[in-house]
Novice: 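This structure is in structure tokens; I'll ask about it shortly.
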Amino acid sequence: MDTPVYDFVRAYAAAPTVRLHMPGHKGRGPLGCEGLDITEVHGADALYEAAGILARSEDNAASLFCSGRTLYSTEGSSQCIRAMLHLALMHRRAGAPPVIAAARNVHRAFVYAAALLDFEVAWLWPEERNSLCSCPVTPEGLERALAGLEAPPAAVYLTSPDYLGGVQDIAALAQVAHRHGALLLVDNAHGAYLHFLPRPCHPLDLGADLCCDSAHKTLPVLTGGAYLHLSRRVAGDMAEGAKTAMALFGSTSPSYLTLASLDRCNRTLAEDYPARLAETAAALEALRARLRALGWQVEASDPLRLTLSAPAGTTGTALAGRLRAAGVECEYADGDFLVCMVTPENTAGELEQLSAALGPCPAGPAPRPSLPEPRGERVCSIRQAIFSPHETVAADAALGRVCASPTVACPPAIPIAVSGERITPEAVELFRRYGVEQIEAVKDL
């Protein structure tokens, strides 16, 4: 597969061109990558009006993912989340309300999109969950939720895989959404690789209409590289406005380092990546089996993640410190779980180092937590709350206040209380559990 952006950037860096254009480093600097960092010079195309090498590269990506259209982002999935919500609202059925039914474990980028686009949210709550990161939605639960609304929403919005690796039943949920005339949108930030498994299970393969992938999370792509995918089912209607939707939320100065990285990744995906991916998934499954034999409680997850439940007497955060002392840095840890993300770029030796650092489990499994649901009264819209005057207050003193901007660390960037909601005792309990010490509250509500 050709790599037109990567080739152009490399050729431009090698040419003796006097750079009387941006960026100001002029191709020279201490990082060593400045020569490859260009702007929209002649021949480089322009991301939001792509008609040359960027258009060819995005077409290559669309053919690899079997999408109706794929668009690049250099600002991560956050840009793609906002764009796909905009597209869903712009293309909703005649007379349909500007409402999105969303599983509660959304990334805060979703909340900010609700403020910018001024839509309402019908939250989908799980029957039970043991982590802020998870919100399993069953087809039966979705059917009940949609049937209980006054009118079908513009779209159903899910996060899958979630931060712990939990995967939703996208195929069955897509059927429910479509039966109600709603689009299915998926935040697939952690699952860009899923299409390239021996049995492809990317959301597009399973019936999603639009989804975003953070390419940089699981593929060999620089940080910020992401995709917005339109399925073949909807691309005919939405293709014309897709670039405008991305431009609405994106910088006019996208990173060509990141674009070249996305472009070069196409060749990797077209060559030996699927075989290497299958080998890595098999090696990680073997590691999971060894750890179970050593007494660890290994959680069900997507194929490139190792999620351990913290044993009795310790925490996931403490386990992360133990790994760090052995030269291993995990992706995420909290009081209950430890998460390690693996890709084909990791070596067998690195997996052995992880296994040795963990060793035998020091204790039996801790009681599985059942978290309270912070279902706060909706006092005002998300937009009104975020754009109202607000103040910082101690989380322990926030009971009864109205949440302004959602406050939670990244990762996992999943709000406990959502903007416009009155903060409940359950929310205060979760603030303590997840180490949130201060929150933003609306001043006059």
Side-chain angles (χ1 to χ4, degrees), residues 100-108 110-111 121-149 153 156-177 184 186-187 190-191 288 292 296-302 305-312 314-317 332-339 364-378 403 406 408-409 411-418 421-436:
I100 305 292
R104 181 67 178 205
N105 63 333
V106 293
H107 190 277
R108 67 185 176 200
F110 174 93
V111 179
V121 185
W123 293 113
L124 305 174
W125 295 88
E127 295 179 7
E128 183 179 15
R129 67 173 174 176
N130 59 10
S131 171
L132 180 65
C133 299
S134 63
C135 184
V137 178
T138 64
E140 297 78 16
L142 180 60
E143 179 67 45
R144 287 193 299 271
L146 297 185
L149 297 176
V156 173
Y157 182 98
L158 304 171
T159 301
S160 181
D162 62 37
Y163 225 104
L164 299 184
V167 178
Q168 304 275 16
D169 186 351
I170 299 297
L173 294 167
Q175 291 181 12
V176 175
L184 180 64
V186 180
D187 176 353
H190 289 252
R288 292 191 192 100
R292 289 189 187 100
W296 292 96
Q297 183 171 324
V298 181
E299 300 294 316
S301 68
D302 66 282
R305 197 177 321 240
L306 173 67
T307 301
L308 300 179
S309 183
T314 189
T315 64
T317 306
Y332 173 71
D334 61 24
D336 305 304
F337 298 100
L338 173 83
V339 178
R368 184 176 294 276
S370 180
L371 300 187
E373 296 292 2
R375 302 192 187 208
E377 170 199 2
R378 180 192 180 278
C403 179
V408 68
I414 298 167
I416 292 170
V418 167
E421 293 178 348
R422 195 173 302 282
I423 293 170
T424 63
E426 293 80 7
V428 174
E429 180 182 340
L430 290 176
F431 290 150
R432 293 192 193 103
R433 186 181 190 93
Y434 285 94
V436 177

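Side chains are part of it too, since the values below use all heavy atoms of this structure and drop only hydrogens, waters and symmetry mates.
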Novice: By ring-ring contact (aromatic ring centres under 6.0 Å, His included), which residues pair with Tyr157, not counting sequence neighbours?
Specialist: Phe110
Novice: With a 4.5 Å heavy-atom cut-off, do Val428 and Arg432 have their side chains touching?
Specialist: yes
Novice: Would you mind reporting whether Phe337 and Ser134 have side-chain heavy atoms less than 4.5 Å apart?
Specialist: no
Novice: Glu127: which residues meet the salt bridge (charged side-chain N to carboxylate O under 4.0 Å, His left out) condition with it, sequence neighbours left out?
Specialist: Arg144
Novice: Can you measure from CG (Leu164) to NE2 (His190) and round to the nearest 0.5 angstrom?
Specialist: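 Answer rounded to 0.5 Å: 10.0 Å.
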Novice: Which heavy atom in Ala172 sits nearest to a heavy atom in Pro139, and how many Å separate them?
Specialist: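 That closest heavy-atom pairing would be CB-CG, 3.5 Å.
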Novice: Does the side chain of Pro311 reach to within under 4.5 Å of the side chain of Gln297, using non-hydrogen atoms?
Specialist: no
Novice: Assess whether salt bridge (charged side-chain N to carboxylate O under 4.0 Å, His left out) is satisfied between Arg375 and Glu421, documenting all intermediate values.
Specialist: CA-CA 8 Å; Arg375 302 192 187 208; Glu421 293 178 348; over 6 Å; no
Novice: State whether a side-chain donor-acceptor pair under 3.5 Å links Glu299 with Ser301.
Specialist: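 No, Ser301 and Glu299 have no side-chain donor paired with an acceptor closer than 3.5 Å.
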Novice: Say you draw a straight line from CG of Leu338 to OG1 of Thr307; how long is it, rounded to the nearest 0.5 Å?
Specialist: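 Reported value, rounded in 0.5 Å steps: 8.0 Å.
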Novice: Quick one: pull up CG in Asn105 and OG in Ser131 and give me the separation to the nearest 0.5 Å.
Specialist: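 So the gap between those two atoms works out to 9.0 Å.
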Novice: Hey, are the side chains of Arg129 and Glu373 touching, using non-hydrogen atoms and a 4.5 Å cut-off?
Specialist: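 Touching, per the 4.5 Å side-chain cut-off.
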Novice: For the CD atom of Gln168 and the CG atom of Leu184, what is their distance to the nearest 0.5 Å?
Specialist: 9.5 Å
Novice: Does the pair Asp334/Arg433 count as a salt bridge with the N-to-O cut at 4.0 Å?
Specialist: no
Novice: How long is the span from the CD atom in Glu377 to the CD1 atom in Ile423, to the nearest 0.5 Å?
Specialist: 12.5 Å
Novice: So do Val156 and Leu173 actually touch side chain to side chain, heavy atoms under 4.5 Å?
Specialist: no
Novice: Once rounded to the nearest 0.5 Å, what's the spacing between atom CZ of Arg104 and atom CH2 of Trp123?
Specialist: 5.5 Å
Novice: Would you mind reporting whether Ile170 and Leu158 have side-chain heavy atoms less than 4.5 Å apart?
Specialist: yes
